[in-house]
Number of protein chains: 2
Amino acid sequence: MDQTPPARLKMTDVARLAGVSVATVSRALSGSVLVSQDTRARIEAAVEATGYVVNQVAAGLRLQRSRQILVMLPDIANPFFGEVVLGIEEEAQHQGFGVLIGNTGRSPDREAALARQFQTGAVDGLVLLTGRRPALLADVPASRMVAVSEHIADDSIATVSIDNHAAAIEAVGYLRGLGHRRIAHIGGPAGNVLTAQRFQGYRDAQGGDFDPRLVRYGDYSIASGEAAMRGMLDEAARPTAVFCSNDEMAVGAIRAARAFGIGVPAGLAVIGFDDIPFAGAYDPPLTTVRQPRRQMGRLAARILLAALAGDELPAPTALPHLLVVRQSS
Amino acid sequence: MDQTPPARLKMTDVARLAGVSVATVSRALSGSVLVSQDTRARIEAAVEATGYVVNQVAAGLRLQRSRQILVMLPDIANPFFGEVVLGIEEEAQHQGFGVLIGNTGRSPDREAALARQFQTGAVDGLVLLTGRRPALLADVPASRMVAVSEHIADDSIATVSIDNHAAAIEAVGYLRGLGHRRIAHIGGPAGNVLTAQRFQGYRDAQGGDFDPRLVRYGDYSIASGEAAMRGMLDEAARPTAVFCSNDEMAVGAIRAARAFGIGVPAGLAVIGFDDIPFAGAYDPPLTTVRQPRRQMGRLAARILLAALAGDELPAPTALPHLLVVRQSS
DNA sequence: CCGTACGATGAAATCGATTGTAAGGTTCCC
DNA sequence: GGGAACCTTACAATCGATTTCATCGTACGG
């Protein structure tokens with residue numbers, strides 16, 4: 001019944017076919033100069049004829065590297081992370097690397113389980129989208145990791161991100177340019193670096209108009225944005241505008257306003273963050289700060305792979321963001 | 001300068017520490033019964049003390065398996081695929097497998113490049129979200145793959161999906177129950193199995209009211225849904241409802257209606273497909289057919305890993321879908 | 001009390017590729 | 001014409017874990 005699959009070819013087979021030793025085949029395939037034109041041609045013909053592909057596992061054992069990187073993130077279903085992964089995968093595939101996905105779901109147990117993959121030798125490098133370095137990986141050199149979007153505090157890990165402080169200033173400044181002064185802010189989870197940076201930008205832009213009662217924190221979900229906004233609309237002194245730390249929470253804010261019979265942008269101007277694919281399709285289309293997610297992913301992969309190859313790269317500067325003005329403000 | 005990383009421990013080190021041979025350590029770690037309680041305890045203590053982790057690459061070479069699966073999909077940034085991957089990763093991680101992401105971007109070249117990963121021995125199994133088997137993998141046994149969402153025509157690959165035909169009938173039947181007869185359909189790319197199944201359901205539900213002029217095809221993007229709907233609204237005999245093959249195109253349809261000054265659901269009832277996270281947050285909240293994406297991913301992984309372990313699994317039956325009625329219809 | 005059977009352990013082969021070192025074959029120069 | 005130098009190629013060790021087979025010791029039955 002069980003038809004045996006076509007036996008996988010080994011380098012030995014190719015060597016026999018080409019009439020040389022495996023050593024020569026290996027050199028030919030890895031582009032060594034120590035192979036004559038003639039022999040190389042014969043080997044390439046044999047490879048072509050058999051469809052032979054090098055066994056990465058065996059090569060990996062010998063070379064002590066797997067040509068794979070692990071991307072650790074909270075939630076792959078989130079469109080923000082998805083697009084970053086797209087960029088990472090693009091560059092990695094281009095350089096012949098595989099990309100492993102590690103979904104932590106924000107659970108430390110999962111994070112630890114994934115970190116273990118690192119120790120097993122299955123992975124050469126790590127891209128962190130979680131905003132922190134797993135405890136188990138405390139003694140892994142920083143040169144084998146790169147962080148995206150969220151800088152990792154107290155660590156020398158390279159980070160690829162935009163200038164969140166400047167972006168927040170720009171967004172809030174735009175609202176102020178429209179005449180708004182009572183501008184609220186719905187940030188991400190309290191206590192995280194990203195949240196702090198954007199809050200600081202918001203605060204700096206607000207200057208003397210800053211009012212701590214207009215600041216709330218959510219968990220980046222639509223529901224949390226809605227709840228935060230409801231809380232502020234319940235108060236006597238309502239804001240006339242709100243700057244949200246991502247688009248989902250901005251959508252939540254709009255839903256809250258609508259529930260209070262407040263029109264957007266007439267009664268409440270809303271600005272989001274990220275410019276996820278749906279931002280432009282929402283009603284009203286969302287004004288938001290676009291992050292070059294794909295490019296961030298690509299750059300992160302490029303930096304990591306270069307570091308793995310031993311290259312020293314200049315510390316990455318912030319990538320450019322863009323305030324996309326639509327009809328929600 | 002370059003501080004050498006802490007030397008990775010080998011099984012030999014653990015063996016020496018426990019005063020036994022590597023063979024015994026290997027047996028103890030793999031749970032063989034051929035190890036005495038006493039020795040096992042000593043080995044476990046040594047492992048604990050050193051934090052030793054088995055080198056998966058070396059083990060993989062010996063065992064001819066990598067404990068990794070590859071998920072091939074068109075676009076990881078798409079929320080539909082993201083959620084499926086989440087389910088796959090959950091189950092795989094649970095069983096100690098790693099998940100590699102392969103983004104094809106619908107390019108045959110990328111697909112071929114990824115297929116090659118399979119030949120390199122870096123991957124044990126494959127999950128296909130692309131709706132087709134890569135040409136390069138023609139002679140890989142079907143027992144090493146599983147398809148999700150889209151059944152692969154003319155192939156014995158196991159498929160995990162809902163009953164698309166029945167779901168389409170249910171959705172269109174619901175619209176008919178509301179009194180609609182001129183119901184349009186915006187399907188996915190023409191010529192693909194999924195598109196055909198849903199179209200057939202639509203057609204069967206419409207019966208004598210079927211009108212080929214009310215059928216258009218998109219590419220699952222918001223823009224394509226909008227274009228398709230505009231096309232139909234330009235015609236004399238407009239539809240009063242539309243059944244779209246995914247939520248993005250449904251959003252596009254709503255935008256088109258709005259551009260024509262047509263209200264939803266008053267002037268046009270809209271039903272989408274998938275129930276992506278934004279469907280319920282849109283204005284109006286989208287009526288749609290929910291696919292259990294995460295569960296589909298989990299089941300797919302379970303089936304694949306079982307097959308890799310040699311288990312024979314019953315052909316999977318269709319998972320349950322759910323018509324989620326909201327305000328767009 | 002001795003042989004047998006079995007439980008526990010170790011030595012060594014093995015997985016497939018890479019690479020340092022040795023060796024074979026030319027070529028070229030004096 | 002002989003030898004040095006060089007260009008190619010082959011042999012064999014190596015990466016780290018798994019597993020077959022052999023061995024040693026002990027318990028048990030006769």
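In what follows, chains are A, B, ... by sequence order, proteins preceding strands, each numbered from 1.
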[X] [atom1] to [N] [atom2], straight-line distance once rounded to whole Å:
X: A:Arg65; N: D:dC15; atom1: CZ; atom2: P; value: 16 Å
X: B:Arg27; N: D:dG16; atom1: CZ; atom2: P; value: 21 Å
X: A:Leu9; N: C:dC15; atom1: CG; atom2: C1'; value: 16 Å
X: A:Arg16; N: C:dG16; atom1: CZ; atom2: P; value: 13 Å
X: A:Leu34; N: C:dA22; atom1: CG; atom2: C1'; value: 14 Å
X: B:Arg62; N: D:dG16; atom1: CZ; atom2: C1'; value: 12 Å
X: A:Arg42; N: D:dA10; atom1: CZ; atom2: C1'; value: 14 Å
X: A:Gln64; N: C:dT18; atom1: CD; atom2: C1'; value: 12 Å

Which is true for [X] with a 4.0 Å heavy-atom rule: it touches a base, it touches only sugar-phosphate, or it touches nothing?
X: B:Val20; value: sugar-phosphate
X: A:Thr24; value: sugar-phosphate
X: A:Ser36; value: sugar-phosphate
X: B:Val57; value: nothing
X: B:Ser30; value: nothing
X: A:Ala59; value: sugar-phosphate
X: B:Leu63; value: sugar-phosphate

Quiz item: Does a side-chain N or O from A:Tyr52 land closer than 4.0 Å to OP1 or OP2 of C:dG16, or not?
Solution: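 Looking at the OP1 and OP2 atoms of C:dG16, neither is under 4.0 Å from any side-chain N or O of A:Tyr52.
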Quiz prompt | Residue-phosphate contact under 4.0 Å: B:Thr39 side-chain N/O, C:dT9 OP1/OP2 | solution =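 For C:dT9, OP1/OP2 do have a side-chain N/O of B:Thr39 under 4.0 Å.
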Practice problem: Check B:Val140, B:Leu304, B:Ile69, B:Leu137 against B:Leu126 for a side-chain contact (heavy atoms from CB on, under 4.5 Å) and give me the one that passes. | Solution: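 With B:Leu126 as partner, side-chain contact (heavy atoms from CB on, under 4.5 Å) holds for just one option, B:Leu137.
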Quiz item: More 5' along DNA chain C: B:Val35 or B:Leu61, using each one's nearest nucleotide?
Solution: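 Here B:Val35 is the residue nearer the 5' end.
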Quiz prompt | Salt-bridge criterion met for A:Arg16 and A:Asp13 (N-O under 4.0 Å) | solution =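 Here A:Arg16 pairs with A:Asp13 in a salt bridge, since their nearest N and O are under 4.0 Å apart.
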Quiz prompt | Between B:Gln68 and B:Gln56: side-chain donor-acceptor atoms closer than 3.5 Å | solution =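 The criterion, which ignores hydrogens and geometry beyond distance, is not satisfied for B:Gln56 and B:Gln68.
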Quiz item: Side-chain contact, heavy-atom cut-off 4.5 Å: A:Gln64 with B:Arg8?
Solution: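 Heavy-atom side-chain distance check fails, nothing below 4.5 Å.
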Quiz item: If you measure from OG on A:Ser36 to CZ on A:Arg40, what distance do you get to the nearest 0.5 Å?
Solution: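 Here the interatomic distance stands at 8.5 Å.
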Exercise. Would you mind telling me which residue lines up with the more 5' stretch of DNA chain D, B:Ala23 or A:Ala58, judged by nearest nucleotide?
Key: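 It is A:Ala58, whose closest nucleotide lies nearer the 5' terminus.
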